Structures are given as C-alpha cells and as structure tokens.
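Source: prediction; values computed, not measured.
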Amino acid sequence: MVREPLGEEAAVDLAKTFKALADPVRLRLLSLIASHEGGEACVCDLTGPFDVSQPTISHHLKVLREAGLVGSERRGTWVYYWLLPAALARLSSLLDAPADGRSG
C-alpha cells in the first residue's frame, strides 16, 4: 500500500480482512487463538472469556475464517481454530512503512 497503489480487487479483499478485525470480539478471538498453547484452540476454549452466546462466538469465528485469518478443522464434536500465518504476514507487510524518515 505504501510502495504501490492497491488495485480494486486487492482493496476489496483487504477491506474484508480489516472489517473482520475491526470488531473487538473478533480481535480478542484472534488473540486468544494465537496465544493458546500449541497455536490452536478448540471452540470450547474460546467461549468462556466472552459475555456473548456460543452461537455468537461461532458467527465471529466464521467471519474470521471467511476473511482468511484462521483455519479450522472439526475433530469429533469440536471445531479447532488456528491462525493462518500467511494472512498475518500479508497484513504486516502491507502496513510496514518505508524507512525513509517521513511521517504523516
């Protein structure tokens, strides 16, 4: 974004990602998953810290998954989630400002 202008398709994809991250519950879910032992968390481990229903947590996890930020896998009756490092690396490189000493 700071090295060359975004194309329309890239802007639409990035807006979807940023929109997913703009919700405090989703941002906390992402953090919980990232910091969970082993780098993945069962949905059963993600419902306790929030004052919302399990279906609401599932909705937020679906938004994160559709935005390409987390992967998931059903194991028996539970679904496990993990961060997708490529998505975070893409966001990180996008927001990495050039080191030319200029500021806003």
Could you check if a side-chain atom of [X] sits within less than 4.5 angstrom of a side-chain atom of [Y], using non-hydrogen atoms only?
{"X": "His36", "Y": "Glu40", "answer": "no"}
{"X": "Leu29", "Y": "Tyr81", "answer": "no"}
{"X": "Glu73", "Y": "Trp82", "answer": "yes"}
{"X": "Arg90", "Y": "Asp13", "answer": "yes"}

inquiry  = Could you work out, with side chain to side chain contact (heavy atoms under 4.5 Å, CB included) as the rule, every residue matching Thr77, not counting sequence neighbours?
reply    =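 Partners of Thr77 by the side chain to side chain contact (heavy atoms under 4.5 Å, CB included) criterion come out as none, since no residue qualifies.
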
Any idea which heavy atoms bring [X] and [Y] closest together, and the distance?
{"X": "Val79", "Y": "Ser72", "value": "CG1-CB, 3.9 Å"}
{"X": "Leu64", "Y": "Leu30", "value": "CD1-N, 4.3 Å"}
{"X": "Val43", "Y": "Gln54", "value": "CG2-NE2, 4.2 Å"}
{"X": "Leu83", "Y": "Ile33", "value": "N-CG2, 3.9 Å"}
{"X": "Arg28", "Y": "Pro49", "value": "NH2-O, 3.3 Å"}

ask   = Same hydrophobic cluster for Leu61 and Leu84, using side-chain heavy-atom links shorter than 4.5 Å among ILVMFWY?
value =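 No, Leu61 and Leu84 fall in different hydrophobic clusters.
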
inquiry  = Given 3.5 Å as the limit, does a donor-acceptor pair link the side chain of Thr56 with the main chain of Val52, or not?
reply    = no

message = I'd like to know if the side chain of Arg26 and the backbone of Ala20 have a donor-acceptor N/O pair within less than 3.5 Å.
response =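 Flag set: sc Arg26 to bb Ala20 pair under 3.5 Å.
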
query = Looking at CD of Glu37 and CG of Asp45, how far apart are the two atoms once the value is rounded to the nearest 0.5 Å?
reply = 10.5 Å

query = Roughly how far, to the nearest 0.5 Å, is SG of Cys44 from CH2 of Trp78?
reply = 4.5 Å

message = Suppose clustering is done on Ile, Leu, Val, Met, Phe, Trp and Tyr with side-chain heavy atoms closer than 4.5 Å. Which residues sit in the same group as Val63?
response = none

